[in-house]
There are 2 protein chains.
Amino acid sequence: MKRTHPGLLRSIVATNVRRYRQARGLSQQDFANEIDMDRTYYGGVERGERNVSIDNIERIAKGLEISPHQLLIARE
Amino acid sequence: MKRTHPGLLRSIVATNVRRYRQARGLSQQDFANEIDMDRTYYGGVERGERNVSIDNIERIAKGLEISPHQLLIARE
DNA sequence: ATGTGACTTCGAGTCCGTC
DNA sequence: AGACGGACTCGAAGTCACA
């Protein structure tokens, strides 16, 4: 397979997780702790730096109490 | 982070990619080739064996000509 | 045409810290 | 509170031979 650049979708997910987390009024550290994920890793996801896996998408969505597919929908 | 089992979402994605690919009337082989992905790797995704990343979700959705979030929605 | 096991490599994911 | 860095471990990514 060819080596590719980080996708667009990554930044969409980044923006979405941040918005939903803030809507819940939680800090990155508290939220990361709640879903049992490393805070520096989770921060990287919100910055769009991490190529997060489907299992982790699910885990984050669960913590956010939303349906996973909502994290992939771009808002304006 | 705690070690977890493969998530449910993984199998939802698996079923979806398979359905959408078949709807396009393509073999795994041809489709994998079209999106420049190894066919055995792609096959593993359809079988829910691979914890596929967001970048690869995007790449597959592009080949399927659908919006990425559709791959995460469970059908009955 | 698809599945599977074995394999290497590089980034996902963790843990320490500082600014 | 959050960004970021270094050093680490382990699994995703990617490939192949064979069934």
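Bear in mind the structure is a predicted one, so any value in this text is a computation, not a measurement. Residue numbers start from 1 in every chain, and the chains themselves are labelled A, B, ... in the order their sequence lines are given, proteins ahead of strands.
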Asker: Using heavy-atom distances to pick each residue's nearest nucleotide on DNA chain C, tell me which of A:S53 and B:R50 is more 5'.
Answerer: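 Going by which nucleotide is closer to the 5' end, it is B:R50.
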
Asker: Could you list by number each residue of residues 42-49 of chain A showing a heavy-atom separation from DNA chain D of less than 4.0 Å, or answer none if no residue does?
Answerer: A:R47, A:E49

Asker: Heavy-atom contacts under 4.0 Å between residues 16-32 of chain B and DNA chain D, which residues?
Answerer: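 None, since no heavy atom is under 4.0 Å.
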
Asker: Separation of B:I54 atom CD1 from C:dG11 atom C1', in whole Å?
Answerer: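 Nearest whole value for this atom pair: 16 Å.
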
Asker: A:R39 versus A:N33: any side-chain heavy-atom pair under 4.5 Å?
Answerer: no

Asker: Sort me out a list of protein N/O and nucleotides 17-19 of chain D N/O pairs below 3.5 Å, or just none if empty.
Answerer:
none

Asker: To the nearest 0.5 angstrom, please state how far the CZ atom of B:R59 sits from the OH atom of B:Y42.
Answerer: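 If we round to the nearest 0.5 Å, B:R59:CZ and B:Y42:OH are 12.5 Å apart.
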
Asker: Please list all pairs meeting ring pair (Phe, Tyr, Trp, His ring centres under 6.0 Å) that have one or both residues in residues 51-75 of chain A, counting only residues at least two apart or in different chains.
Answerer: A:H69-B:H69

Asker: On the nucleotide D:dG14, are OP1 or OP2 found under 4.0 Å from the side-chain N or O atoms that B:N56 carries?
Answerer: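 Yes, such a contact exists.
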
Asker: Indicate whether OP1 or OP2 belonging to C:dA12 is found under 4.0 Å from a side-chain N or O atom of A:N51.
Answerer: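 For C:dA12, OP1/OP2 do have a side-chain N/O of A:N51 under 4.0 Å.
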
Asker: Let me confirm one number: the CD1-CG distance from A:I57 to A:L71, rounded to the nearest 0.5 Å.
Answerer: 6.0 Å

Asker: Do the side chains of B:L64 and B:N16 get nearer than 4.5 Å, heavy atoms only?
Answerer: no

Asker: A:N33 CG to C:dG13 C1': how many Å, rounded?
Answerer: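 In whole Å, C:dG13 C1' lies 16 Å from A:N33 CG.
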
Asker: Quick one: pull up CZ in A:R10 and OG1 in A:T15 and give me the separation to the nearest 0.5 Å.
Answerer: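 The distance works out to 13.0 Å.
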
Asker: Taking only residues two or more places apart in sequence or in another chain, which ones pass side chain to side chain contact (heavy atoms under 4.5 Å, CB included) with A:Q70?
Answerer: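 A:Q70 satisfies side chain to side chain contact (heavy atoms under 4.5 Å, CB included) with A:Y20, A:I66, A:S67, A:R75 only.
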
Asker: Under 4.0 Å from OP1 or OP2 of D:dA13: is there any side-chain N or O of B:Y41 that close?
Answerer: yes

Asker: Can you measure B:I35 atom CD1 to D:dA13 atom P for me and round it to whole angstrom units?
Answerer: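 One finds 12 Å between P of D:dA13 and CD1 of B:I35, rounded.
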
Asker: How close or far is atom P of D:dC8 from atom CG of A:D38, stated in whole angstroms?
Answerer: 17 Å

Asker: Mind calculating the distance between CG (A:D55) and P (D:dA13) to the nearest angstrom?
Answerer: 11 Å

Asker: To the nearest 0.5 angstrom, please state how far the OG1 atom of B:T40 sits from the CZ atom of B:R47.
Answerer: 8.0 Å

Asker: State, with a plain yes or no, whether a side-chain heavy atom of B:L72 is found less than 4.5 Å away from one of B:L9.
Answerer: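 Touching, per the 4.5 Å side-chain cut-off.
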
Asker: How far does OG of A:S53 sit from CG of B:N56, to the nearest 0.5 angstrom?
Answerer: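 Rounded to the nearest 0.5 Å, the OG-CG separation comes to 11.5 Å.
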
Asker: Show me the donor-acceptor pairs within less than 3.5 Å that the side chains of residues 23-32 of chain A make with the rest of the protein, sequence neighbours left out.
Answerer:
| residue | atom | partner | partner atom | Å |
| --- | --- | --- | --- | --- |
| A:R24 | NH1 | A:E34 | OE2 | 3.4 |
| A:R24 | NH1 | A:G63 | O | 2.4 |
| A:S27 | OG | A:D30 | N | 3.0 |
| A:S27 | OG | A:D30 | OD2 | 3.4 |
| A:Q28 | NE2 | A:E46 | OE1 | 3.0 |

